[in-house]
**Q** 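The structure follows.
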Amino acid sequence: MNISSQIADKVSTVIERMKASGDLPAELDLKGIEIQESRGVNRGEFFSNAAMILAKRINTTPRDLAHNIANKLTLDKFIAQVDVAGPGFINITVADSVWCDLIATILKDSKNYGRSRMGEGKRLHVEYVSANPTGPMHVGHCRGAVFGDTLCNLLSFVGYAVSREYYVNDAGAQIGKLGDTVFIRYLEALGDNIGEIPEGLYPGDYTKSIGQALVGLYGDRLRHVDKADALSIVRQFAVKFLLEEIHNDLACLNVHHDVFFSERSLTENGRDQVAEVIEKLHQLDLIYQGELPRPLGHDYEVWEEREQTLFRSSHFGDDIDRALMKSNGEYTYFAYDAAYHLNKLERNFDQYISVLGADHIGYISRIKSVMSALSEANVMFNVLITQLVRVMRNGELVRMSKRSGTFVALRDMVDEVGCDPIRFMMLMRKHDTTLDFDLKKIVERSKDNPVFYVQYAHARASSILRRAKVVFPLISTCCCDLYDANLLLLNNSGERVLTRELAKFPRVVESAARYHEPHRIAFYLYELASAFHQQHARGNDLPELRFIQPDNPTLTVARLALVAATQLVIACGLKILGVSAPVEMQ
RNA sequence: GUCUCUGUAGCUCAGAAGGAUAGAGCACUGGAUUCCUAAUCCAGGGGUCGCAGGUUCGAAUCCUGCCAGAGACACCA
């Protein structure tokens with residue numbers, strides 16, 4: 001149930017009746033009419049723009065039409081008051097009983113309050129993280145992981161059947177370099193003096209334990225077999241080892257995937273899906289041999305014109321065509337990715353989303369092009385970008401460099417500040433804007449730090465329910481009992497503000513899902529927590545406003561219903577964000 | 001040079017997909033704790049929504065141009 005959509009029904013019913021009775025032309029188009037929550041004071045609780053939209057279509061003044069509609073709306077028991085204001089806004093105040101019903105509904109729906117059928121059970125494929133398995137996760141991966149995971153939570157909450165996938169880049173040159181590096185570490189673990197890790201390989205210390213693990217498994221045997229065979233073993237082992245670490249790293253951030261899809265598998269088991277995708281594009285007449293133009297704005301010391309196999313992505317809005325084969329005949333990364341996306345399409349999802357880091361912005365149009373080409377433009381495919389995170393400590397930028405192997409490991413960060421603050425903080429910004437992340441500030445337990453503020457509201461609600469149990473040992477604080485309370489007793493202004501805030505949740509969820517913006521949930525929870533803290537604090541000055549009234553069990557039960565509903569909605573929102581909802585703060 | 005994103009209070013950012021008098025937090029000033037946890041709350045000042053046009057009943061929001069900042073732009077993955 002959603003109050004504003006109920007009002008929308010009321011308004012459109014009134015207008016339809018006016019059309020039927022001849023007050024309005026029968027062919028009048030109702031497009032553009034909206035119900036929104038009022039913002040300022042003395043503007044009712046909701047407003048409609050109906051009169052202003054319709055007036056110009058039938059050549060009358062908005063205020064006259066507004067009064068006309070208002071008079072008919074007033075007759076509805078659902079609505080307590082209707083006013084016409086400004087250029088022709090219809091301001092609507094709904095009946096108290098509507099708000100009471102809402103609280104009862106929340107308590108009845110429990111964890112399902114705010115769910116919707118928006119997704120209609122459609123199968124949705126979401127790819128996120130997909131970091132190269134050449135090292136442990138670091139903070140750069142963190143945002144995409146949290147955003148992708150939360151988006152999946154959100155979209156399954158509104159009724160999509162979500163499949164969460166990690167594309168494992170376990171083929172290609174970087175894996176070769178990883179293998180070379182780990183082989184050196186292996187020799188090191190056997191006691192060789194290896195000196196510096198050569199330029200171009202992976203210099204970080206994390207490869208040492210992989211070398212040691214290989215010694216534990218093979219002793220010195222790999223040293224004596226053919227180098228190519230040894231490297232092949234080492235590569236596979238290293239990828240498996242690092243994937244396991246990545247898996248663990250993600251788990252401690254509460255991030256999960258259903259499928260880890262191997263890039264290498266595209267050309268295994270007697271099939272070459274890369275060749276297949278190129279053949280398919282060939283049949284569509286989208287492949288040719290040619291040379292790419294020299295890019296502008298770059299000073300290349302060496303520029304060679306090379307003929308290679310190109311895909312006509314420029315037919316689909318890309319700037320230039322893109323290479324599928326290198327001049328030496330190998331597949332490009334993009335060719336593998338094209339095959340991967342064909343594979344996705346063959347698995348027949350209804351919609352696709354890819355969450356990519358900001359460094360892949362230039363990649364979007366080519367992958368969208370190939371999706372359009374392969375599906376004949378008949379697919380819903382969104383690419384969402386997570387922008388850079390600047391890691392700070394006490395206002396100072398933490399320098400990171402891939403080359404020297406210095407970066408903040410995800411695991412270390414979780415150990416230092418905890419999963420909840422990281423997730424919440426990452427979601428306090430829109431995904432496509434850059435974000436400063438201060439390791440020092442994020443552990444501060446202050447209002448500066450919204451995660452504690454929201455969690456505290458949940459803990460406070462829990463605490464009040466516990467306390468009520470002490471004062472009134474006989475009453476039940478279970479949601480299933482509280483909705484029978486006499487909710488009409490919730491009539492002071494702070495309680496109304498809080499109730500209205502609770503009413504917004506389904507709408508916030510739906511718009512967050514529709515626009516793929518989970519940060520809206522985080523902001524909403526902050527506001528809800530604020531309304532709750534405020535109401536609690538009013539009890540400091542005015543004891544009659546406290547939730548627990550020792551001499552009035554009936555009133556107490558009504559107020560506990562509001563507390564329980566608040567607790568429920570906060571818990572529900574935090575669940576979507578993948579953040580815990582503590583029953584007490586220590 | 002091309003493309004993408006960003007520009008809102010001193011700082012960090014929201015702004016519900018065109019609505020009425022643009023909102024939070026931080027910081028600053030002043031106040032509240034024998035109390036359902038003060039990790040909280042109350043009050044106050046602070047704005048040319050980058051600039052200029054346009055679209056319409058109405059623009060921070062949509063369109064065009066300009067200014068400023070960030071990022072991406074061969075066979076890497």
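We name chains A, B, ... by the order of the sequence lines, and we start the count at 1 in each one.
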**Q** For U37(B) and Ser463(A) - does any side-chain N or O of the residue sit under 4.0 Å from the phosphate oxygens OP1/OP2?
**A**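 Ser463(A) to U37(B) OP1/OP2: side-chain N or O found under 4.0 Å.
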**Q** Within the structure, does a side-chain N or O atom of His519(A) lie under 4.0 Å from either OP1 or OP2 of G15(B)?
**A**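 For G15(B), OP1/OP2 do have a side-chain N/O of His519(A) under 4.0 Å.
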**Q** Answer with yes or no after comparing the ring centroid distance for Tyr526(A) and Tyr453(A) against a 6.0 Å cut-off, counting only values under it.
**A**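 Between Tyr453(A) and Tyr526(A), which both carry aromatic rings, the centre distance is below 6.0 Å.
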**Q** Looking at residues 551-563 of chain A, who's got a heavy atom less than 4.0 Å off RNA chain B?
**A**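 Per residue number, the list is empty: none.
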**Q** State which of A17(B), C13(B), C36(B) makes the closest approach to the side chain of Phe547(A).
**A**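 My answer, after comparing the listed nucleotides, is C36(B).
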**Q** Determine whether a donor-acceptor pair (one donor, one acceptor, N or O, separation below 3.5 Å) exists between the side chain of Asp359(A) and the base of A77(B).
**A**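 Answer no: no donor N or O sits under 3.5 Å from an acceptor.
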**Q** Can you figure out which of A14(B), U40(B), U37(B) approaches the side chain of Ala459(A) most closely?
**A**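 Nearest nucleotide to the side chain: U37(B).
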**Q** So which of residues 307-317 of chain A are in contact with RNA chain B, with a heavy-atom cut-off of under 4.0 Å?
**A**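 By residue number: Gln308(A).
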**Q** It should be established whether Tyr515(A) places a side-chain nitrogen or oxygen under 4.0 Å from OP1 or OP2 of nucleotide A16(B).
**A**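 So the side-chain polar atoms of Tyr515(A) never come under 4.0 Å of the phosphate oxygens OP1 or OP2 of A16(B).
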**Q** Could you tell me whether the side chain of Arg460(A) has a donor or acceptor atom within less than 3.5 Å of a complementary atom in the base of C36(B)?
**A**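 No, the side chain and the base share no sub-3.5 Å donor-acceptor pair.
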**Q** Taking the nucleotide of RNA chain B with the nearest heavy atom to each, does Arg366(A) or Ala358(A) sit closer to the 5' end?
**A**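 On the 5' side of the pair lies Ala358(A).
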**Q** Which listed nucleotide (C41(B), C36(B), A74(B)) is nearest to the side chain of Arg546(A)?
**A**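 For the Arg546(A) side chain, the nearest candidate turns out to be C36(B).
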**Q** Taking the side chain of Tyr363(A) as heavy atoms from C-beta outward, which of U37(B), C35(B), A77(B) is closest to it?
**A**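 Nearest to the side chain of Tyr363(A) among the choices is A77(B).
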**Q** Quick check: Phe261(A) with Tyr340(A) (ring centres under 6.0 Å apart)?
**A**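 Yes, ring centres under 6.0 Å apart.
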